[in-house]
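To start, the structure under review is shown below, and the notes come after it.
Since we're looking at a predicted model, the values are computed, not measured. Sequence lines set the chain letters: A, B, ... in the order given, protein chains first and strands last, and positions in each chain run from 1.
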Number of protein chains: 2
Amino acid sequence: MKYSSSKENYIKAIFHLQRSSENVSTNALANALQTKPASVTDMLKKLKEQKILQYERYKGVRLTAEGKKIALLIIRKHRLWEYFLVEKLQFGWEEVHEIAEELEHISSKKLIDRLDDFLGNPRKDPHGDPIPDANGKMPVLQQISLDAIELNKPMEITGIGNQTPELMELLQRTNIKIGSKLEVKKKFSFDNSLEIKMRNAAPFIISQFLAKNLLVNDEE
Amino acid sequence: MKYSSSKENYIKAIFHLQRSSENVSTNALANALQTKPASVTDMLKKLKEQKILQYERYKGVRLTAEGKKIALLIIRKHRLWEYFLVEKLQFGWEEVHEIAEELEHISSKKLIDRLDDFLGNPRKDPHGDPIPDANGKMPVLQQISLDAIELNKPMEITGIGNQTPELMELLQRTNIKIGSKLEVKKKFSFDNSLEIKMRNAAPFIISQFLAKNLLVNDEE
DNA sequence: TAAAAAATTTAGATTTACCTAAATTTATTT
DNA sequence: AAATAAATTTAGGTAAATCTAAATTTTTTA
């Protein structure tokens, strides 16, 4: 089966939004897809027909096993193309997302599997996100503490070490949470504190102690 | 400006059909695009609005300078992607056309220029067709006689040597014409005749004398 | 818990790119 | 040149993916 780019975008958006176990709401989807809630409702009915998701009026939506499989293939394509653009065509990692949004809808499975081999079967895309394999399995990346990573490499917060209320209070204040994308810009040798840059926010400094309690994905 | 994949396909088809100086007919386009003449008429009106082509009812159509520029960019993309698929991803040259039909609609100009550099600025695609450069200039490939080429390399007939009626008569019979795609499968040392395979046709044999009068593009 | 607010759905349109069938224009034959 | 055939266009529709405005359902709040 083949799906329109529009349908693929819905499937992908639902996949990303349904992490938190609850059903995905019509409004959340409309927002993620930059469209109107009424349009979302229309499309959900069609995707339900195709058994790609479970949907009940007013109850939100959730992908079926089939839907997840499709989502993972699209994500695989997106991330492999991003890797190609950065590693082979010298693009900066900030500029590849938009192009990959188009490339992810190219249908050939053979193409993407060949591309995967050509690239040496990378596990992570340039943003640090894991790349699903040809069977749709998403590798679980090793977590290491933010304290130990290289400068200027984009990373995603994937875990919090010592989940005390005190730590949570500080995280709240700094607005760091699971899924936050950030880079370490500098290490200050005076107290080993780190300068952090999160997307759409001014850089700020965190202590080494906090950094040790923030886990990011890494590997190799 | 950006055009839908459908519009791009019309532009490309017109470009390929208008070689022979006459206007391109609605029927020829419908046939090339596997659609109905009525649909073609609809689309031609829209493309005329956008100054991409000159069109008068019942008189056929011809690209404007702007239209040709767009066509050459699409052809550039198509052929560079084909080259990539064959040279980097180990596809056979017969299987890349379909995939390139999708890839040619990816919009990023920067992407295609980077890809061009990555591939080493090739002049010909895997089928032997010339690749337009970043300015839309199509290189004129050197013509050499069919007698002199390697076995099993796809070539296109780009010229006829000695245009006598006698030669033309023979070409008519063998169905070889400018634009024909073919491969030389074998050379027979007995009389230096060649076994030729054209797409969608049974292989046949031509004399060395005929082969010397058929020009194909080559280079490198 | 009833009223107000927010979220969601339905109803009815719009645009793009198609289609079929009928009408019109151009080309070809007798 | 009139008649026939072929090519092309027009008229009227359809499906996909949107939209706005109005109606409905759910959630929140006073």
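Atom CD of B:Glu49 and atom C1' of C:dA17 are 16 Å apart (whole Å). When the P atom of C:dT16 is taken as reference, atom NE2 of B:His105 falls 18 Å away, rounded to whole Å. If you take CG of B:Asn9 and P of C:dT16, they are 17 Å apart, rounded to a whole angstrom. Residue A:Glu22 contributes atom CD, which lies 13 Å from atom P of D:dT27 at whole-angstrom precision. Between A:Lys46 atom NZ and D:dA15 atom C1' the separation is 8 Å, expressed in whole Å. One interatomic measurement links the two molecules: NZ of B:Lys48 to P of D:dT9, which rounds to 11 Å at whole-angstrom precision. Distance A:Asp42 CG to C:dA11 C1': 10 Å, rounded to the nearest Å. Following rounding to the nearest Å, B:Asn31 (CG) and D:dT8 (P) show an atom-to-atom distance of 11 Å.
For the residue pair B:Lys185 and B:Asn152, a side-chain donor N or O sits within less than 3.5 Å of a side-chain acceptor on the partner. There is a side-chain donor-acceptor pair under 3.5 Å between A:Ser107 and B:Glu102. Residues B:Asn121 and B:Asp117 bring a donor and an acceptor atom of their side chains to less than 3.5 Å of each other.
Side chain of B:Met43, nearest nucleotide from D:dC19, C:dA17, C:dC19: C:dA17. Here the side chain of B:Lys7 is nearest to one of D:dT18, C:dA17, D:dT9, namely C:dA17.
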Distance-only donor-acceptor pairs under 3.5 Å for side chains of residues 71-80 of chain A, two or more places apart:
unit_1, atom_1, unit_2, atom_2, d
A:Arg76, NH1, A:Asp116, OD2, 2.9
A:Arg76, NH1, A:Pro132, O, 3.0
A:Arg76, NH2, A:Asp113, OD1, 2.7
A:Arg76, NH2, A:Asp116, OD2, 3.1
A:Lys77, NZ, A:Ile106, O, 2.8
A:His78, ND1, A:Glu104, OE1, 2.8
A:His78, NE2, A:Glu82, OE2, 2.9
A:His78, NE2, A:His97, ND1, 3.2
A:Arg79, NH1, A:Pro130, O, 2.7

### Message
Working note: A:Val40 + A:Tyr10, criterion side chain to side chain contact (heavy atoms under 4.5 Å, CB included); need CA distance, chi angles, decisive distance, verdict.
### Response
CA-CA 9 Å; A:Val40 174; A:Tyr10 274 85; 4.1 Å; yes
### Message
Between A:Phe15 and A:Ile70, is the side chain to side chain contact (heavy atoms under 4.5 Å, CB included) condition met? List the steps.
### Response
CA-CA 10 Å; A:Phe15 184 90; A:Ile70 299 165; over 6 Å; no
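Remark: B:Met43 CE to B:Thr26 OG1 distance equals 13.5 Å, nearest 0.5 Å.
For the segment residues 33-41 of chain B, residues with any heavy atom less than 4.0 angstrom from an atom of DNA chain C are, sorted by number, B:Thr35, B:Lys36, B:Ala38, B:Ser39.
B:Ser6 has a side-chain polar atom (N or O) that falls below the 4.0 Å cut-off from OP1 or OP2 of C:dC18. Of the side-chain N and O atoms in B:Tyr3, none sit less than 4.0 angstrom from OP1 or OP2 of C:dA17. Applying the 4.0 Å criterion to OP1 and OP2 of D:dA16, one finds that A:Ser4 has every side-chain N and O outside that range. For B:Arg57 and D:dT10, the shortest distance from a side-chain N or O to OP1 or OP2 is below 4.0 Å.
Scanning all heavy atoms of the two residues, the minimum distance from A:Ile206 to A:Leu146 falls at CD1-CD2, 4.0 Å.
Electrostatic pairing of B:Glu94 and B:Arg199 does not count as a salt bridge here, judged by no charged N lying under 4.0 Å from a carboxylate O.
Note on ring orientation: taking the six-membered ring where Trp is involved, the planes of A:Phe84 and B:Phe84 are tilted (angle from 30° to 60°).
Using a 4.0 Å heavy-atom cutoff across all strands shown, B:Lys59 reaches no nucleic acid atom at all.
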### Query
Reading nucleotides 1-7 of chain D from the 5' end, what letters show protein touch, with B for base, S for backbone sugar-phosphate only, - for no heavy atom under 4.0 Å?
------S
